[in-house]
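As structure tokens, the structure follows; a few thoughts come after it.
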Amino acid sequence: MARAIELSRDNVLSGQGGPFGAVVVKDGSIVAEGVNRVTSSNDPTAHAEVVAIREACKKLGAFSLKGCEIYTSCEPCPMCLGAIYWAHIGRIYFGNVAADASEIGFDDSFIYRQFGLAFPERSIPMVPMMREEALTAFRAWQEKPNKILY
């Protein structure tokens, strides 16, 4: 956790991005590190946790991080939490809580509220269309005998 916090502080002082750092650990050793690179890379998905997950997967040559843990300087946002679940990381340790982030302008609570709204009521309306056509890909996946499950 100390390294994640150090990364978050250094990222601010270097002017490279926001105050967030993360490390992925396996068997007690750091596999990968990440810092917030949203503004420096013009990538809204370049949060510290996502950067660390991408690097860990690359280093381990796997899309699953089973057996790993993540240490992050702040409670993960909805996107990062989703990425952590998809990566099958076993445990999350975090420093700051979401309310601390909100106090300095990183408020994700509106995203959580959006999940409970009907599609047309969301601030970005979601419009379902061409479901039957889209289902053809799902059927092909279902019938594929040699698929790699994840």
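Quick note: residue numbers are just sequence positions, from 1. The basis for the numbers below is simple: all heavy atoms, side chains too, and nothing from hydrogens, waters or symmetry mates.
The distance from the OG1 atom of Thr72 to the CD1 atom of Ile5 is 9.5 Å, given to the nearest 0.5 Å. Rounded to the nearest 0.5 Å, atoms CD1 (Ile70) and SG (Cys68) are 9.5 Å apart.
Note: the hydrophobic cluster containing Phe115 also contains Tyr85 (ILVMFWY, side chain heavy atoms under 4.5 Å, direct or indirect links). Both Ile111 and Leu81 belong to a single network of hydrophobic side chains, linked directly or stepwise wherever heavy atoms of I, L, V, M, F, W or Y lie under 4.5 Å apart. Phe94 and Val25 sit in two unconnected hydrophobic clusters of ILVMFWY residues. Membership requires side-chain heavy atoms under 4.5 Å apart, directly or through other members. Hydrophobic clustering (ILVMFWY, side-chain heavy atoms < 4.5 Å, transitive): Met130 and Leu135 are in distinct clusters. The hydrophobic cluster containing Trp86 also contains Phe63, counting ILVMFWY residues as joined when their side-chain heavy atoms lie under 4.5 angstrom apart, directly or transitively.
Checked by atom type and distance alone, the side chain of Lys66 never pairs as donor or acceptor with a backbone atom of His88 at under 3.5 Å. Checked by atom type and distance alone, the side chain of Ser102 never pairs as donor or acceptor with a backbone atom of Ala99 at under 3.5 Å. When atom types are taken as modelled, the side chain of Glu55 and the backbone of Ala32 share no donor-acceptor pair closer than 3.5 angstrom. Proximity of a side-chain donor or acceptor of Asp100 to a complementary backbone N or O of Val97 within less than 3.5 Å is detected. Formation of a donor-acceptor pair under 3.5 Å by the Asn11 side chain with backbone atoms of Gly18 is found in this model.
Side chains of Asp43 and Val38 form no contact here, defined as non-hydrogen atoms less than 4.5 Å apart. Using a 4.5 Å heavy-atom cutoff, the side chains of Leu117 and Ser123 are not in contact. Between Ile30 and Val24, every side-chain heavy-atom pair lies at or beyond the 4.5 Å cut-off. Side-chain contact between Ile89 and Ile53 is present, with heavy atoms from C-beta onward closer than 4.5 Å. Side chains of Phe106 and Ile104 form a contact here, defined as non-hydrogen atoms less than 4.5 Å apart.
Here the closest non-hydrogen pair linking Ser73 and Pro19 is OG-O, 3.8 Å. Taking each heavy atom of Trp141 and Leu149 in turn, the nearest pair found is CZ2-CD2, 4.2 Å. Between Pro120 and Pro125 the shortest heavy-atom distance is O-CB, 4.5 Å. Summarising the geometry of Met1 relative to Tyr71, their closest heavy-atom pair is N-CD2, 3.6 Å, with the distance given to 0.1 Å. Here the closest heavy-atom approach between residue Pro76 and residue Ile92 is recorded as CG-CG2, 4.0 Å. Nearest heavy atoms, Cys74 versus Glu49: O-OE2, 3.7 Å.
A 6.0 Å sphere centred on OH of Tyr112 holds more than 12 heavy atoms belonging to other residues, nucleotides or ligands. Residue Gln142 qualifies as open at atom CD: its count of foreign heavy atoms under 6.0 Å is 12 or below. Few gaps surround NZ on Lys147; more than 12 heavy atoms of other groups in view lie less than 6.0 Å from it.
Listed by first then second residue, pairs satisfying salt bridge (Lys or Arg N to Asp or Glu O under 4.0 Å) with a partner in residues 16-34 read Arg3-Glu33, not counting sequence neighbours. Applying the salt bridge (Lys or Arg N to Asp or Glu O under 4.0 Å) test to every pair with at least one member in residues 111-132, sequence neighbours left out, gives these pairs: Glu132-Arg139.
No side-chain N or O of Arg9 forms a donor-acceptor pair with one of Ser14 less than 3.5 Å apart.
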Checking side-chain contact (heavy atoms from CB on, under 4.5 Å) for the pair Leu65/Leu60: CA distance, chi angles, key distance, verdict? CA-CA 8 Å; Leu65 297 177; Leu60 295 174; 3.8 Å; yes

In sequence, state the C-alpha distance, the side-chain angles, and the governing distance for Ile124 and Met126, and then conclude on side-chain contact (heavy atoms from CB on, under 4.5 Å). CA-CA 6 Å; Ile124 301 174; Met126 296 180 64; 5.6 Å; no

Dump the intermediate steps for side-chain hydrogen bond (donor to acceptor under 3.5 Å, both in side chains) on Arg54 and Thr45, then the final yes or no. CA-CA 11 Å; Arg54 289 175 180 161; Thr45 68; 3.1 Å; yes

